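Below: the structure, in structure tokens.
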Amino acid sequence: MMKIIINRSSLLFIIGGLLLSLLLSKQKVIFFAELPDWQKRIVLPFHTIKLPYFLFFGLMGSTTIFIPLMFIEDLSYIKSIVIYGILFSIINALLEELLWRGLMLSSLKRSVSTLYAVLITSIGFGLLHLSIGIPVIMSLLFSLGGLFYSFVVIKTKSIYPAIVFHFIINLGMVSNGWIF
């Protein structure tokens, strides 16, 4: 378990290297660090929706990862994994979102189209999971999560909702025994 937490903490080196590179090239560093505008409406292809409703539905979708826990009869298993799950989920969600949506997406958006920036960062996000032993097919599927997180960041202009969604998904994955 600690091996994975150390692995995820090593993302600090990548983030540090990217920050140093951006600072040395005198580029502005943007993290999408503003809080969301709660009055904003999110424009979707066929309608618009108020931001709080958009985030609520995203949160509800993210919590579906906990459904398999309803079928676990050994509650001591869940209790024993909670502290590890919370620690892992905080570190992982925060560092991955800062890296992929905070630094990479914001930097790429300045140089290439938003679509290209989203695709590159989403695929990179998915493939990075190979480093913690996630199989290739699953890592590629994680790229879909990267697309979702990118969509949330672009639409809300804030990284915070993506961190929360990412935290919930990670906590569910640890609780279900998919990451240990």
Side-chain angles (χ1 to χ4, degrees), residues 2-44 51-52 54-55 58-59 61-62 85-136 138-171 173-174 179:
M2 286 308 291
K3 180 181 172 185
I4 291 178
I5 289 178
I6 291 169
N7 176 295
R8 297 290 79 191
S9 296
S10 67
L11 291 172
L12 284 169
F13 292 109
I14 298 171
I15 291 169
L18 282 170
L19 277 172
L20 183 62
S21 173
L22 289 169
L23 292 173
L24 289 175
S25 64
K26 297 182 179 163
Q27 292 185 31
K28 186 176 178 184
V29 178
I30 302 169
F31 282 104
F32 292 105
E34 294 179 24
L35 291 174
D37 175 4
W38 296 104
Q39 303 305 314
K40 181 178 177 165
R41 294 188 67 84
I42 302 297
V43 178
L44 300 170
L51 178 62
F54 172 78
L55 295 177
L59 189 62
S62 296
I86 290 171
L87 181 63
F88 169 82
S89 298
I90 288 171
I91 291 169
N92 193 58
L94 184 64
L95 293 180
E96 283 188 352
E97 290 307 316
L98 284 175
L99 173 63
W100 293 106
R101 262 59 70 184
L103 281 170
M104 299 290 284
L105 181 62
S106 66
S107 297
L108 278 173
K109 261 184 60 143
R110 287 193 302 254
S111 305
V112 298
S113 72
T114 299
L115 177 62
Y116 185 72
V118 164
L119 289 175
I120 292 301
T121 57
S122 297
I123 292 167
F125 166 77
L127 293 178
L128 182 71
H129 290 85
L130 292 170
S131 70
I132 59 170
I134 304 292
V136 174
M138 285 300 295
S139 292
L140 289 172
L141 288 174
F142 282 13
S143 296
L144 297 176
L147 284 172
F148 172 72
Y149 300 140
S150 294
F151 180 79
V152 169
V153 168
I154 298 290
K155 290 296 185 177
T156 64
K157 294 183 174 41
S158 176
I159 197 169
Y160 300 114
I163 291 171
V164 171
F165 292 152
H166 198 148
F167 170 81
I168 290 169
I169 292 292
N170 284 167
L171 190 58
M173 292 178 76
V174 170
I179 295 177

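Here the structure is a predicted model, which means the values were calculated and not measured.
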> Do any pairs count as a side chain to side chain donor-acceptor pair (under 3.5 Å) and have a residue in residues 29-41, sequence neighbours left out, and if so which ones?
Replying inline: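 Residue pairs with at least one partner in residues 29-41: R41-T48.
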Which heavy atom in [X] sits nearest to a heavy atom in [Y], and how many Å separate them?
{"X": "I168", "Y": "L59", "result": "CD1-CD1, 2.9 Å"}
{"X": "L103", "Y": "S107", "result": "O-OG, 2.8 Å"}
{"X": "L99", "Y": "I15", "result": "CB-CG1, 3.9 Å"}
{"X": "L171", "Y": "I86", "result": "CD1-N, 3.8 Å"}
{"X": "T156", "Y": "P161", "result": "OG1-CG, 4.1 Å"}
{"X": "G85", "Y": "S89", "result": "O-OG, 2.6 Å"}

> Pairs in or reaching into residues 98-121: which pass salt bridge (Lys or Arg N to Asp or Glu O under 4.0 Å), with residues at least two apart or in two chains?
Replying inline: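 Every salt bridge (Lys or Arg N to Asp or Glu O under 4.0 Å) pair that includes a residue of residues 98-121, provided the two are not neighbours, is E97-R101.
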>> Tell me which pairs pass salt bridge (Lys or Arg N to Asp or Glu O under 4.0 Å) where either residue lies in residues 138-165, with sequence neighbours left out.
In response: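 Not a single pair qualifies under salt bridge (Lys or Arg N to Asp or Glu O under 4.0 Å).
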Side-chain donor-acceptor contacts of residues 141-153 below 3.5 Å, not counting sequence neighbours, with atom names and distances?
from: S143; atom 1: OG; to: S122; atom 2: O; distance (Å): 3.2
from: S143; atom 1: OG; to: L140; atom 2: O; distance (Å): 3.2
from: S150; atom 1: OG; to: G146; atom 2: O; distance (Å): 2.9

Side-chain polar contacts of residues 17-25 - donor-acceptor pairs under 3.5 angstrom, sequence neighbours left out - could you list them?
from: S25; atom 1: OG; to: S21; atom 2: O; distance (Å): 3.0
from: S25; atom 1: OG; to: L22; atom 2: O; distance (Å): 3.1
from: S25; atom 1: OG; to: Q27; atom 2: NE2; distance (Å): 3.3

Gap between atom [atom2] of [Y] and atom [atom1] of [X] - 0.5 Å precision:
{"X": "L87", "Y": "I5", "atom1": "CG", "atom2": "CD1", "result": "4.0 Å"}
{"X": "F32", "Y": "I30", "atom1": "CZ", "atom2": "CD1", "result": "7.0 Å"}
{"X": "I134", "Y": "S139", "atom1": "CD1", "atom2": "OG", "result": "6.0 Å"}
{"X": "I4", "Y": "S9", "atom1": "CD1", "atom2": "OG", "result": "11.5 Å"}
{"X": "L108", "Y": "W100", "atom1": "CG", "atom2": "CH2", "result": "9.5 Å"}
{"X": "L11", "Y": "I91", "atom1": "CG", "atom2": "CD1", "result": "10.0 Å"}

> Is there a side-chain contact between M173 and F88 (heavy atoms, below 4.5 Å)?
Replying inline: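 No, too far: nothing below the 4.5 Å cut-off.
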>> Going by the rule side-chain hydrogen bond (donor to acceptor under 3.5 Å, both in side chains), which residues pair with S131 if we only count those two or more places apart in sequence or in a different chain?
In response: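 With neighbours one apart ignored, the set is R8.
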>> One pair to check against side-chain contact (heavy atoms from CB on, under 4.5 Å): N92 and H166. What are the steps and the verdict?
In response: CA-CA 8 Å; N92 193 58; H166 198 148; 3.7 Å; yes
